[in-house]
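Notes for the one structure printed next.
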There are 2 protein chains.
Amino acid sequence: MMTMVQRKTRNPEQTRNDLLDAAYTEILESGFQAASLERILANTSVSKGALYHHFGTKRDLGLAVIQEVIGPQLEGRWFNMLAQHSDPIRGLLKLIEEKIASADESVIRYGCPLNNLIQEMSPLDESFRQGLQKIIERWVEVVAEALKEGQASGKVRAGTAPQDIALFIVASIEGCVGLGKNAQSVTAYQRCLKQLQVYIQSLAV
Amino acid sequence: MMTMVQRKTRNPEQTRNDLLDAAYTEILESGFQAASLERILANTSVSKGALYHHFGTKRDLGLAVIQEVIGPQLEGRWFNMLAQHSDPIRGLLKLIEEKIASADESVIRYGCPLNNLIQEMSPLDESFRQGLQKIIERWVEVVAEALKEGQASGKVRAGTAPQDIALFIVASIEGCVGLGKNAQSVTAYQRCLKQLQVYIQSLAV
DNA sequence: GAAGATACCGACTAAGCGGTATCTTGTCAA
DNA sequence: TTGACAAGATACCGCTTAGTCGGTATCTTC
(Lines give C-alpha, C1' and ligand atoms only; values in the text may rest on other atoms or scores of the structure.)
Protein backbone atom coordinates (compact mmCIF):
# COMPACT_ATOMS: atom_id res chain seq x y z
CA MET A 1 0.00 0.00 0.00
CA MET A 2 1.52 3.21 -1.19
CA THR A 3 0.88 6.62 0.23
CA MET A 4 0.11 9.09 -2.51
CA VAL A 5 0.72 12.79 -2.32
CA GLN A 6 -2.14 14.19 -4.28
CA ARG A 7 -3.35 17.69 -4.83
CA LYS A 8 -5.71 18.58 -2.02
CA THR A 9 -8.40 19.96 -4.24
CA ARG A 10 -9.03 18.82 -7.73
CA ASN A 11 -9.33 21.21 -10.60
CA PRO A 12 -9.22 19.44 -13.94
CA GLU A 13 -9.65 22.61 -15.97
CA GLN A 14 -6.80 24.34 -14.22
CA THR A 15 -4.64 21.24 -14.56
CA ARG A 16 -5.33 21.17 -18.26
CA ASN A 17 -4.57 24.87 -18.65
CA ASP A 18 -1.38 24.56 -16.63
CA LEU A 19 -0.25 21.80 -18.94
CA LEU A 20 -1.17 23.80 -22.02
CA ASP A 21 0.73 26.85 -20.77
CA ALA A 22 3.81 24.91 -19.77
CA ALA A 23 3.76 23.00 -23.04
CA TYR A 24 3.49 26.25 -24.96
CA THR A 25 6.59 27.62 -23.23
CA GLU A 26 8.54 24.40 -23.57
CA ILE A 27 7.70 24.15 -27.27
CA LEU A 28 8.61 27.78 -27.82
CA GLU A 29 11.99 27.24 -26.20
CA SER A 30 12.89 23.81 -27.55
CA GLY A 31 10.66 23.10 -30.50
CA PHE A 32 8.03 20.37 -30.45
CA GLN A 33 10.16 17.33 -31.12
CA ALA A 34 12.75 18.28 -28.55
CA ALA A 35 10.12 19.36 -26.03
CA SER A 36 10.37 17.12 -22.99
CA LEU A 37 7.24 15.94 -21.24
CA GLU A 38 9.29 15.45 -18.09
CA ARG A 39 10.31 19.11 -18.14
CA ILE A 40 6.74 20.20 -18.71
CA LEU A 41 5.66 18.10 -15.76
CA ALA A 42 8.45 19.50 -13.60
CA ASN A 43 7.32 23.04 -14.41
CA THR A 44 3.72 22.34 -13.54
CA SER A 45 4.03 19.84 -10.68
CA VAL A 46 1.48 17.82 -12.54
CA SER A 47 2.01 14.09 -12.60
CA LYS A 48 2.49 11.94 -15.63
CA GLY A 49 -0.74 10.18 -14.92
CA ALA A 50 -2.63 13.44 -14.95
CA LEU A 51 -0.98 14.49 -18.19
CA TYR A 52 -1.97 11.30 -19.94
CA HIS A 53 -5.43 11.58 -18.50
CA HIS A 54 -5.96 14.90 -20.25
CA PHE A 55 -3.98 14.25 -23.42
CA GLY A 56 -3.67 10.94 -25.21
CA THR A 57 -0.23 11.53 -26.62
CA LYS A 58 2.47 14.18 -26.82
CA ARG A 59 1.16 14.87 -30.30
CA ASP A 60 -2.33 15.59 -28.98
CA LEU A 61 -0.83 18.01 -26.49
CA GLY A 62 1.00 19.79 -29.29
CA LEU A 63 -2.11 20.05 -31.42
CA ALA A 64 -4.04 21.42 -28.46
CA VAL A 65 -1.38 24.08 -27.92
CA ILE A 66 -1.77 25.19 -31.52
CA GLN A 67 -5.55 25.36 -31.43
CA GLU A 68 -6.10 26.61 -27.92
CA VAL A 69 -3.10 28.82 -27.22
CA ILE A 70 -1.37 30.02 -30.36
CA GLY A 71 -4.49 30.51 -32.47
CA PRO A 72 -6.48 32.64 -30.03
CA GLN A 73 -3.39 34.72 -29.20
CA LEU A 74 -3.06 35.94 -32.77
CA GLU A 75 -6.76 36.14 -33.44
CA GLY A 76 -7.30 38.56 -30.57
CA ARG A 77 -4.63 41.03 -31.53
CA TRP A 78 -5.15 41.31 -35.24
CA PHE A 79 -8.83 40.95 -35.51
CA ASN A 80 -9.57 43.57 -32.88
CA MET A 81 -7.02 46.05 -34.13
CA LEU A 82 -8.18 45.95 -37.73
CA ALA A 83 -11.83 46.01 -36.71
CA GLN A 84 -11.47 49.24 -34.79
CA HIS A 85 -9.78 51.18 -37.58
CA SER A 86 -11.82 52.34 -40.51
CA ASP A 87 -8.62 52.92 -42.47
CA PRO A 88 -6.86 49.55 -42.90
CA ILE A 89 -3.56 51.20 -43.76
CA ARG A 90 -3.57 52.99 -40.44
CA GLY A 91 -4.59 49.80 -38.67
CA LEU A 92 -1.79 47.78 -40.24
CA LEU A 93 0.78 50.49 -39.57
CA LYS A 94 -0.36 50.61 -35.97
CA LEU A 95 -0.01 46.86 -35.60
CA ILE A 96 3.51 46.91 -37.02
CA GLU A 97 4.31 49.91 -34.87
CA GLU A 98 3.22 47.96 -31.82
CA LYS A 99 5.45 45.08 -32.83
CA ILE A 100 8.35 47.49 -33.22
CA ALA A 101 7.72 49.13 -29.88
CA SER A 102 7.15 45.95 -27.92
CA ALA A 103 10.21 44.11 -29.24
CA ASP A 104 10.97 42.25 -26.04
CA GLU A 105 13.56 39.63 -25.28
CA SER A 106 11.22 36.73 -25.88
CA VAL A 107 10.46 37.68 -29.49
CA ILE A 108 14.10 38.31 -30.28
CA ARG A 109 15.23 35.11 -28.61
CA TYR A 110 12.51 32.66 -29.54
CA GLY A 111 10.80 34.29 -32.49
CA CYS A 112 7.23 33.58 -33.52
CA PRO A 113 5.73 30.38 -32.06
CA LEU A 114 3.59 29.95 -35.13
CA ASN A 115 6.47 30.24 -37.57
CA ASN A 116 8.68 28.01 -35.44
CA LEU A 117 6.16 25.21 -35.54
CA ILE A 118 5.55 25.67 -39.24
CA GLN A 119 9.19 25.28 -40.14
CA GLU A 120 9.69 22.34 -37.84
CA MET A 121 6.51 20.34 -38.06
CA SER A 122 4.59 21.02 -41.23
CA PRO A 123 6.57 18.54 -43.37
CA LEU A 124 6.46 15.91 -40.64
CA ASP A 125 2.85 15.81 -39.50
CA GLU A 126 -0.17 16.57 -41.60
CA SER A 127 -2.39 17.36 -38.62
CA PHE A 128 0.09 19.90 -37.35
CA ARG A 129 0.29 21.43 -40.79
CA GLN A 130 -3.47 21.75 -41.04
CA GLY A 131 -3.81 23.24 -37.58
CA LEU A 132 -1.15 25.81 -38.37
CA GLN A 133 -2.52 26.47 -41.82
CA LYS A 134 -5.94 27.28 -40.40
CA ILE A 135 -4.36 30.04 -38.30
CA ILE A 136 -2.34 31.41 -41.20
CA GLU A 137 -5.35 31.43 -43.49
CA ARG A 138 -7.41 33.25 -40.92
CA TRP A 139 -4.64 35.80 -40.44
CA VAL A 140 -4.29 36.41 -44.16
CA GLU A 141 -8.02 36.60 -44.53
CA VAL A 142 -8.40 39.23 -41.83
CA VAL A 143 -5.77 41.42 -43.48
CA ALA A 144 -7.18 40.85 -46.96
CA GLU A 145 -10.68 41.70 -45.83
CA ALA A 146 -9.46 44.95 -44.32
CA LEU A 147 -7.65 45.87 -47.53
CA LYS A 148 -10.74 45.07 -49.55
CA GLU A 149 -12.90 47.34 -47.45
CA GLY A 150 -10.21 49.97 -47.74
CA GLN A 151 -10.45 49.74 -51.51
CA ALA A 152 -14.21 50.07 -51.37
CA SER A 153 -13.96 53.20 -49.23
CA GLY A 154 -11.24 54.62 -51.45
CA LYS A 155 -8.44 54.48 -48.90
CA VAL A 156 -6.47 51.70 -50.56
CA ARG A 157 -5.17 51.72 -54.10
CA ALA A 158 -7.43 49.78 -56.42
CA GLY A 159 -6.21 47.30 -58.98
CA THR A 160 -4.18 45.27 -56.54
CA ALA A 161 -5.13 41.82 -55.29
CA PRO A 162 -5.89 42.04 -51.56
CA GLN A 163 -5.38 38.32 -51.00
CA ASP A 164 -1.93 38.39 -52.55
CA ILE A 165 -0.88 41.50 -50.72
CA ALA A 166 -2.13 40.13 -47.42
CA LEU A 167 -0.19 36.93 -48.02
CA PHE A 168 2.94 38.92 -48.70
CA ILE A 169 2.49 41.06 -45.61
CA VAL A 170 2.12 38.05 -43.35
CA ALA A 171 5.10 36.38 -45.00
CA SER A 172 7.21 39.49 -44.51
CA ILE A 173 6.32 39.74 -40.86
CA GLU A 174 7.37 36.15 -40.25
CA GLY A 175 10.52 36.83 -42.21
CA CYS A 176 11.38 39.90 -40.16
CA VAL A 177 10.84 38.05 -36.89
CA GLY A 178 12.95 35.16 -38.11
CA LEU A 179 15.83 37.34 -39.15
CA GLY A 180 15.73 39.41 -35.99
CA LYS A 181 15.83 36.22 -34.00
CA ASN A 182 18.92 34.97 -35.74
CA ALA A 183 20.66 38.31 -35.55
CA GLN A 184 19.68 38.48 -31.88
CA SER A 185 19.21 42.12 -32.64
CA VAL A 186 16.28 44.31 -31.71
CA THR A 187 17.41 46.97 -34.16
CA ALA A 188 17.64 44.58 -37.11
CA TYR A 189 14.14 43.40 -36.26
CA GLN A 190 12.91 46.98 -36.13
CA ARG A 191 14.68 48.08 -39.30
CA CYS A 192 13.10 45.19 -41.14
CA LEU A 193 9.60 45.98 -39.91
CA LYS A 194 10.12 49.65 -40.75
CA GLN A 195 10.62 48.69 -44.37
CA LEU A 196 7.40 46.74 -44.23
CA GLN A 197 5.72 49.91 -43.02
CA VAL A 198 7.11 51.75 -46.00
CA TYR A 199 5.67 49.09 -48.26
CA ILE A 200 2.28 49.24 -46.58
CA GLN A 201 2.23 52.99 -46.87
CA SER A 202 2.75 52.64 -50.60
CA LEU A 203 -0.58 50.82 -50.77
CA ALA A 204 -2.50 53.97 -49.87
CA VAL A 205 -4.17 56.01 -52.55
CA MET B 1 38.45 -11.60 -32.96
CA MET B 2 36.00 -9.81 -35.21
CA THR B 3 35.77 -10.16 -38.93
CA MET B 4 35.49 -6.73 -40.49
CA VAL B 5 33.85 -5.97 -43.80
CA GLN B 6 35.60 -2.85 -44.87
CA ARG B 7 35.46 -0.81 -48.00
CA LYS B 8 38.00 -2.20 -50.40
CA THR B 9 39.52 1.16 -51.23
CA ARG B 10 39.66 4.03 -48.84
CA ASN B 11 38.64 7.52 -49.79
CA PRO B 12 38.49 9.77 -46.78
CA GLU B 13 37.44 12.86 -48.72
CA GLN B 14 34.57 11.07 -50.38
CA THR B 15 33.52 9.56 -47.08
CA ARG B 16 33.45 13.01 -45.55
CA ASN B 17 31.45 14.42 -48.43
CA ASP B 18 29.02 11.51 -48.35
CA LEU B 19 28.42 12.18 -44.68
CA LEU B 20 27.98 15.89 -45.29
CA ASP B 21 25.47 15.26 -48.07
CA ALA B 22 23.48 12.70 -46.15
CA ALA B 23 23.49 14.88 -43.06
CA TYR B 24 22.26 17.82 -45.11
CA THR B 25 19.33 15.80 -46.39
CA GLU B 26 18.52 14.30 -43.02
CA ILE B 27 18.61 17.72 -41.36
CA LEU B 28 16.45 19.20 -44.09
CA GLU B 29 13.87 16.48 -43.60
CA SER B 30 13.87 16.14 -39.83
CA GLY B 31 15.56 19.19 -38.40
CA PHE B 32 18.88 19.05 -36.58
CA GLN B 33 17.79 17.84 -33.18
CA ALA B 34 15.63 15.08 -34.57
CA ALA B 35 18.22 14.13 -37.18
CA SER B 36 19.37 10.61 -36.50
CA LEU B 37 23.00 9.65 -36.90
CA GLU B 38 21.92 6.06 -37.39
CA ARG B 39 19.76 7.08 -40.34
CA ILE B 40 22.57 9.13 -41.83
CA LEU B 41 24.87 6.13 -41.53
CA ALA B 42 22.26 3.84 -43.07
CA ASN B 43 21.96 6.17 -46.05
CA THR B 44 25.69 6.34 -46.63
CA SER B 45 26.81 2.84 -45.65
CA VAL B 46 29.46 4.56 -43.62
CA SER B 47 30.20 3.11 -40.22
CA LYS B 48 29.85 4.90 -36.93
CA GLY B 49 33.57 4.67 -36.40
CA ALA B 50 34.21 6.46 -39.67
CA LEU B 51 31.68 9.15 -38.79
CA TYR B 52 33.30 9.85 -35.46
CA HIS B 53 36.68 9.78 -37.08
CA HIS B 54 35.71 12.70 -39.32
CA PHE B 55 33.46 14.60 -36.93
CA GLY B 56 33.89 14.90 -33.20
CA THR B 57 30.22 15.23 -32.36
CA LYS B 58 26.84 15.47 -33.98
CA ARG B 59 27.08 19.19 -33.33
CA ASP B 60 30.32 19.42 -35.31
CA LEU B 61 28.67 17.63 -38.18
CA GLY B 62 25.80 20.10 -38.12
CA LEU B 63 28.13 23.09 -38.08
CA ALA B 64 30.07 21.61 -41.00
CA VAL B 65 26.84 21.23 -42.98
CA ILE B 66 26.10 24.90 -42.43
CA GLN B 67 29.54 26.11 -43.45
CA GLU B 68 30.36 23.67 -46.19
CA VAL B 69 27.01 22.86 -47.79
CA ILE B 70 24.37 25.48 -47.09
CA GLY B 71 26.65 28.51 -47.24
CA PRO B 72 28.29 27.77 -50.60
CA GLN B 73 24.94 26.81 -52.14
CA LEU B 74 23.50 30.26 -51.57
CA GLU B 75 26.70 32.12 -52.21
CA GLY B 76 27.04 30.67 -55.69
CA ARG B 77 23.57 31.54 -56.88
CA TRP B 78 23.15 35.04 -55.60
CA PHE B 79 26.64 36.35 -55.94
CA ASN B 80 27.00 35.24 -59.53
CA MET B 81 23.59 36.40 -60.62
CA LEU B 82 23.92 39.89 -59.20
CA ALA B 83 27.48 40.21 -60.44
CA GLN B 84 26.51 39.57 -64.04
CA HIS B 85 23.74 42.16 -64.17
CA SER B 86 24.61 45.82 -64.34
CA ASP B 87 21.06 46.67 -63.31
CA PRO B 88 20.45 45.27 -59.82
CA ILE B 89 16.68 45.51 -60.17
CA ARG B 90 16.82 43.26 -63.20
CA GLY B 91 19.16 40.91 -61.39
CA LEU B 92 16.92 40.64 -58.37
CA LEU B 93 13.80 40.16 -60.46
CA LYS B 94 15.58 37.45 -62.40
CA LEU B 95 16.54 35.66 -59.20
CA ILE B 96 13.00 35.77 -57.88
CA GLU B 97 11.73 34.71 -61.29
CA GLU B 98 14.01 31.70 -61.13
CA LYS B 99 12.69 30.82 -57.72
CA ILE B 100 9.15 31.08 -59.03
CA ALA B 101 9.90 28.95 -62.06
CA SER B 102 11.88 26.28 -60.25
CA ALA B 103 9.39 25.77 -57.42
CA ASP B 104 9.96 22.06 -57.05
CA GLU B 105 8.58 19.62 -54.54
CA SER B 106 11.56 19.86 -52.25
CA VAL B 107 11.19 23.61 -51.65
CA ILE B 108 7.46 23.33 -51.08
CA ARG B 109 7.81 20.36 -48.79
CA TYR B 110 10.93 21.17 -46.81
CA GLY B 111 11.35 24.90 -47.30
CA CYS B 112 14.65 26.71 -46.98
CA PRO B 113 17.37 24.78 -45.14
CA LEU B 114 18.84 28.02 -43.88
CA ASN B 115 15.58 29.31 -42.45
CA ASN B 116 14.72 25.92 -40.96
CA LEU B 117 17.94 25.83 -39.00
CA ILE B 118 17.58 29.43 -37.91
CA GLN B 119 14.17 28.89 -36.40
CA GLU B 120 15.16 25.67 -34.73
CA MET B 121 18.69 26.18 -33.56
CA SER B 122 19.57 29.83 -33.18
CA PRO B 123 18.12 30.14 -29.67
CA LEU B 124 19.66 26.87 -28.57
CA ASP B 125 23.25 27.00 -29.77
CA GLU B 126 25.35 30.11 -30.15
CA SER B 127 27.75 28.51 -32.64
CA PHE B 128 24.89 27.50 -34.88
CA ARG B 129 23.50 30.99 -34.66
CA GLN B 130 26.80 32.55 -35.63
CA GLY B 131 27.35 30.17 -38.51
CA LEU B 132 23.89 30.90 -39.86
CA GLN B 133 24.22 34.61 -39.21
CA LYS B 134 27.39 34.76 -41.25
CA ILE B 135 25.47 33.41 -44.25
CA ILE B 136 22.55 35.78 -43.74
CA GLU B 137 24.85 38.78 -43.40
CA ARG B 138 26.68 37.84 -46.54
CA TRP B 139 23.40 37.44 -48.41
CA VAL B 140 22.09 40.81 -47.24
CA GLU B 141 25.40 42.43 -48.02
CA VAL B 142 25.45 41.12 -51.59
CA VAL B 143 21.96 42.50 -52.22
CA ALA B 144 22.73 45.79 -50.48
CA GLU B 145 25.90 46.25 -52.47
CA ALA B 146 24.04 45.70 -55.71
CA LEU B 147 21.40 48.25 -54.72
CA LYS B 148 24.09 50.73 -53.79
CA GLU B 149 25.77 50.41 -57.16
CA GLY B 150 22.37 50.75 -58.75
CA GLN B 151 21.89 54.02 -56.94
CA ALA B 152 25.27 55.26 -58.10
CA SER B 153 24.47 54.44 -61.71
CA GLY B 154 21.03 55.98 -61.41
CA LYS B 155 19.03 52.80 -61.79
CA VAL B 156 17.77 52.60 -58.24
CA ARG B 157 15.84 55.29 -56.45
CA ALA B 158 18.08 57.36 -54.19
CA GLY B 159 17.22 58.31 -50.65
CA THR B 160 16.51 54.78 -49.52
CA ALA B 161 18.76 52.75 -47.24
CA PRO B 162 20.18 49.82 -49.24
CA GLN B 163 21.04 47.83 -46.13
CA ASP B 164 17.51 48.08 -44.76
CA ILE B 165 15.90 47.25 -48.08
CA ALA B 166 18.21 44.28 -48.59
CA LEU B 167 17.34 43.01 -45.12
CA PHE B 168 13.66 43.31 -45.90
CA ILE B 169 14.02 41.52 -49.22
CA VAL B 170 15.83 38.58 -47.66
CA ALA B 171 13.29 38.44 -44.85
CA SER B 172 10.43 38.45 -47.33
CA ILE B 173 11.93 35.63 -49.34
CA GLU B 174 12.27 33.47 -46.26
CA GLY B 175 8.74 34.39 -45.31
CA CYS B 176 7.36 33.42 -48.72
CA VAL B 177 9.15 30.08 -48.65
CA GLY B 178 7.91 29.41 -45.14
CA LEU B 179 4.31 30.16 -46.00
CA GLY B 180 4.39 28.18 -49.21
CA LYS B 181 5.76 25.26 -47.27
CA ASN B 182 2.95 25.32 -44.77
CA ALA B 183 0.30 25.78 -47.41
CA GLN B 184 1.92 22.95 -49.38
CA SER B 185 1.02 25.07 -52.31
CA VAL B 186 3.19 26.01 -55.24
CA THR B 187 0.78 28.74 -56.27
CA ALA B 188 0.71 30.39 -52.84
CA TYR B 189 4.50 30.36 -52.91
CA GLN B 190 4.50 31.95 -56.36
CA ARG B 191 1.85 34.53 -55.55
CA CYS B 192 3.85 35.63 -52.55
CA LEU B 193 7.06 35.98 -54.53
CA LYS B 194 5.22 37.86 -57.26
CA GLN B 195 4.32 40.52 -54.72
CA LEU B 196 7.95 40.74 -53.75
CA GLN B 197 8.73 41.37 -57.40
CA VAL B 198 6.20 44.19 -57.42
CA TYR B 199 7.92 45.70 -54.41
CA ILE B 200 11.36 45.36 -55.97
CA GLN B 201 10.12 46.98 -59.14
CA SER B 202 8.97 49.96 -57.08
CA LEU B 203 12.59 50.54 -56.14
CA ALA B 204 13.53 51.51 -59.68
CA VAL B 205 13.85 55.16 -60.65
C1' DG C 1 -23.55 6.34 2.55
C1' DA C 2 -22.54 3.29 -1.04
C1' DA C 3 -21.28 2.97 -5.88
C1' DG C 4 -19.37 4.52 -10.05
C1' DA C 5 -16.91 7.71 -12.56
C1' DT C 6 -13.35 10.98 -12.97
C1' DA C 7 -8.90 12.69 -11.75
C1' DC C 8 -4.50 11.75 -10.46
C1' DC C 9 -0.17 9.12 -8.89
C1' DG C 10 4.51 7.18 -9.78
C1' DA C 11 7.17 3.04 -10.78
C1' DC C 12 8.14 0.78 -14.76
C1' DT C 13 9.19 -0.53 -19.80
C1' DA C 14 11.13 -0.65 -24.33
C1' DA C 15 13.29 1.81 -27.80
C1' DG C 16 16.25 5.15 -29.66
C1' DC C 17 19.67 8.34 -28.83
C1' DG C 18 24.68 10.22 -29.04
C1' DG C 19 28.91 8.78 -27.86
C1' DT C 20 33.00 5.49 -26.61
C1' DA C 21 36.31 1.70 -26.60
C1' DT C 22 38.66 -1.49 -28.89
C1' DC C 23 39.57 -3.60 -32.61
C1' DT C 24 41.18 -4.39 -37.78
C1' DT C 25 42.72 -2.84 -42.16
C1' DG C 26 44.39 0.18 -45.86
C1' DT C 27 48.10 3.53 -47.08
C1' DC C 28 52.40 5.36 -47.58
C1' DA C 29 56.93 6.94 -46.20
C1' DA C 30 61.31 5.38 -44.75
C1' DT D 1 59.45 -4.82 -46.15
C1' DT D 2 58.09 -2.83 -42.27
C1' DG D 3 56.51 0.45 -38.91
C1' DA D 4 53.39 4.12 -37.95
C1' DC D 5 49.36 6.25 -38.46
C1' DA D 6 45.01 7.39 -40.61
C1' DA D 7 40.61 5.34 -41.70
C1' DG D 8 37.06 2.39 -40.84
C1' DA D 9 34.31 -1.31 -38.23
C1' DT D 10 31.43 -3.01 -34.44
C1' DA D 11 29.98 -4.06 -29.96
C1' DC D 12 28.62 -1.75 -26.23
C1' DC D 13 27.20 1.94 -22.58
C1' DG D 14 24.49 5.28 -20.09
C1' DC D 15 20.83 8.20 -20.62
C1' DT D 16 16.57 10.18 -22.02
C1' DT D 17 12.43 9.50 -24.17
C1' DA D 18 7.23 8.75 -24.78
C1' DG D 19 4.11 5.86 -23.12
C1' DT D 20 1.84 2.12 -19.80
C1' DC D 21 -0.37 0.26 -15.91
C1' DG D 22 -2.04 -1.03 -11.47
C1' DG D 23 -3.44 1.45 -7.92
C1' DT D 24 -5.47 5.41 -5.03
C1' DA D 25 -8.00 9.61 -3.89
C1' DT D 26 -11.70 12.73 -4.73
C1' DC D 27 -16.09 13.99 -6.66
C1' DT D 28 -20.82 13.13 -8.22
C1' DT D 29 -25.04 10.76 -8.17
C1' DC D 30 -28.56 8.21 -6.34
d(CZ, B:Phe32; P, C:dC17) in whole Å: 13 Å
Closest listed nucleotide, where the reference is the side chain of A:Lys48 and the choices are D:dG8, C:dG10, C:dG19: C:dG10
First encountered from the 5' end of DNA chain D, between A:Ala34 and A:Gly49: A:Ala34
d(CD1, A:Ile27; P, D:dA18) in whole Å: 11 Å
B:Ser36 side-chain N/O to C:dC17 phosphate OP1/OP2 under 4.0 Å: yes
Whole angstrom value for the distance that separates P of D:dG19 from OH of A:Tyr52: 4 Å
Phosphate OP1/OP2 of D:dG8 contacted by B:Ser47 side-chain N/O (<4.0 Å): no
B:His54 vs D:dG8: side-chain N/O to OP1/OP2 distance below 4.0 Å: yes
Salt-bridge contact B:Glu38-B:Lys48 (side-chain N to carboxylate O under 4.0 Å): yes
Sugar-phosphate only, base, or nothing, as touched by A:Lys58 at under 4.0 Å among non-hydrogen atoms: sugar-phosphate
For atom CG of A:Leu19 and atom C1' of C:dC9, their distance in whole Å: 14 Å
Rounded distance (Å) that lies between atom P of D:dA9 and atom CD of B:Glu38: 14 Å
A:Thr15 side chain near C:dC8 phosphate (N/O to OP1/OP2, under 4.0 Å): yes
Side-chain donor or acceptor of B:Arg157 paired with backbone N/O of B:Ser202 under 3.5 Å: yes
N or O in side chain of A:His53 less than 4.0 angstrom from C:dA7 OP1/OP2: yes
Rounded distance (Å) that lies between atom P of D:dG8 and atom CZ of B:Arg16: 12 Å
Between C1' of C:dG19 and CG of B:Leu61, the distance in whole Å: 14 Å
Gap between atoms CZ and C1', on A:Arg10 and C:dA5 respectively (whole Å): 9 Å
A:Lys58 charged N/C atom sitting above A:Tyr52 aromatic ring, 6.0 Å / 45°: no
Electrostatic pair B:Lys155-B:Asp87, nearest N-O below 4.0 angstrom: no
Reference residue B:Gln130; test side-chain hydrogen bond (donor to acceptor under 3.5 Å, both in side chains); the match among B:Glu126, B:Lys134, B:Gln133: B:Glu126
